[in-house]
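See below for the structure under consideration.
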2 protein chains.
Amino acid sequence: MARNEMAMMAEKKKAILESTLKLIKENGFHGTPMSQVAKKAGVAAGTIYHYFDSKDTLIQELYTYTQYRLLDAIKENSREDMDYKARFFSHWISRCMFYIQNPNSLFFMEQFVNSPYVQRCSKEQDERFQKEVIQFIESGIENNYLRPMNPRLMRMMIYSSALTAAKLHLSEQLTLSQADLQQLAQMVWDGIKKD
Amino acid sequence: MARNEMAMMAEKKKAILESTLKLIKENGFHGTPMSQVAKKAGVAAGTIYHYFDSKDTLIQELYTYTQYRLLDAIKENSREDMDYKARFFSHWISRCMFYIQNPNSLFFMEQFVNSPYVQRCSKEQDERFQKEVIQFIESGIENNYLRPMNPRLMRMMIYSSALTAAKLHLSEQLTLSQADLQQLAQMVWDGIKKD
DNA sequence: ATCCGTCTATTGAATGTTCATTCGGTTTTG
DNA sequence: CAAAACCGAATGAACATTCAATAGACGGAT
């Protein structure tokens, strides 16, 4: 069993991260004591401190972990051979679906980015996550698909609409079908496209 | 000094609310002990409990308080005699400006709505705040200004874009001029208008 | 194959701190 | 003078973090 040594470790660390995610969604940053995280993850309280320096660190890492899972989900559905509009639709819908399918992640991220934690977080890391999307938007502007506009601003408009749609789907009974998502993506597209 | 009895009381209560707002923006829900709130508000810890049953209640009331201030700010700029598009622009820009001018409120509200507090909050109250906007949107659809679409969804799209723009303005150095706001409102309008 | 020593992973009770809330008393108001 | 507003030290619970002790894994020596 030499080879799953790492896997075992990763499993336990992952269990801690996932438990934290779920508990924070349910009870918020406050209201989720380390003791509960430990219990839910099936480890002792002390074990958490083997993997994370502190509660703050745990939460910071949880944010990074969630970001990666979101990016992976988006990339999975995108193909190089699609035209620009199709790639935009794919990106927007993937993002929205990820939020819908991972409500714990959604609420955690939202709490995180609006909390003082985010200020303690490195800017560089955030830049890295943003870069790809910004470039995609910039190329859209250059090639006259999109109206000329600050790419960061446009990026935020795209993000927030996906986020909002997902929240609405989750909060109320307003079930969004695949067709609804298409319509929404269309709406956002109409807002940012050239002409 | 008979007449400002209420005013005095209100002043102290208001001081508590405002202090809480500021501290939560800076330190989050956790990280703002009642003792600090008291200190910043210039009252004793016990006094807070004269006005609010508990910390939870304080935060709930703070949310309501903030909602009212936002609504007032929006109504102030809107006139009955404007045409539909102008009223939409006014609403969107007022909302965005309120967020920009009241960052404490913005971050508090965002933290609140993504926290478990909101679930303990009465649905009815939220409905009441929403009703006016929903009606405005419904009338827009009926009169063929807006594309037919679930008004709640459309409302969220409008909200989130204003919110997002304000966040961007506050977070980065990307200063949004009045012209930028106009352009953004235009962009949202293009997304929701008929045709 | 068996033992040994070392390193890592894990445990959970103990520690010390922080904080929400209480309450008996004081001041202010009408 | 009675009621309301206000004070702030005291209380007790909750919590993050520590640490001494245990268990397990691995490599190398026999």
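Per chain, numbering begins at 1; letters A, B, ... match sequence-line order.
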Think A/Lys12 has a side-chain N or O under 4.0 angstrom from the OP1 or OP2 of C/dA9? no

Within this structure, what is the CE-to-C1' distance between B/Met34 and C/dC19, rounded to whole angstrom? 10 Å

Atom CZ of B/Phe29 and atom P of D/dA14: how far apart are they, to the nearest Å? 21 Å

Answer yes or no: does a side-chain N or O of A/Thr47 lie under 4.0 Å from OP1 or OP2 of C/dA9? no

Nucleotide D/dT18, atom P - distance to CZ of A/Phe52 in whole Å: 15 Å

Identify the stems formed by DNA chain C, where each pair is Watson-Crick or G-U wobble with both distances under 3.5 angstrom and a stem is at least 3 consecutive pairs. C:1-30 with D:1-30

Comparing nearest nucleotides in DNA chain D, the 5'-proximal residue of the pair A/Gly31, A/Gly46 is A/Gly31

Between D/dC15 (P) and A/Ile48 (CD1): distance, integer Å: 13 Å

Whole angstrom is fine here: how far is it from CD1 in B/Ile24 over to P in C/dC19? 14 Å

Of all the nucleotides listed (D/dA5, C/dA20, D/dT17), which has the minimum atom distance to the side chain of B/Tyr51? D/dA5

Report the distance from atom CG of A/Leu176 to atom CG of A/Leu170, rounding to the nearest 0.5 Å. 9.0 Å

Approximate separation, where rounding is to 0.5 Å, of A/Ser115 OG and A/Phe108 CZ: 8.0 Å

If you measure from the Lys or Arg side-chain nitrogens to the Asp or Glu carboxylate oxygens, is any gap between A/Asp190 and B/Arg147 under 4.0 Å? yes

B/Glu11 CD to D/dA5 P: how many Å, rounded? 15 Å

Winner on side-chain proximity to B/Lys55, out of C/dA20, D/dA16, C/dT11, is C/dA20

Among the nucleotides D/dC6, D/dC7, D/dA16, whichever has the atom closest to the side chain of B/His50 is D/dC6

Smallest separation among heavy atoms of B/Tyr99 and B/Leu70, with atom names: OH-CD2, 3.9 Å

Round to a whole Å and report the spacing from NZ of B/Lys13 to C1' of D/dA4. 15 Å

Partner residues of B/Arg152 under the salt bridge (charged side-chain N to carboxylate O under 4.0 Å, His left out) criterion, sequence neighbours left out: A/Glu172, B/Glu127

To the nearest 0.5 Å, what is the distance between CE (B/Met82) and CZ (B/Arg87)? 9.0 Å

Of the candidates D/dC6, D/dG8, C/dT11, the side chain of A/Val43 sits closest to C/dT11

How close or far is atom P of D/dA4 from atom OH of B/Tyr49, stated in whole angstroms? 22 Å

So, A/Thr32 versus A/Asn27: side-chain donor-acceptor pair below 3.5 Å or not? no

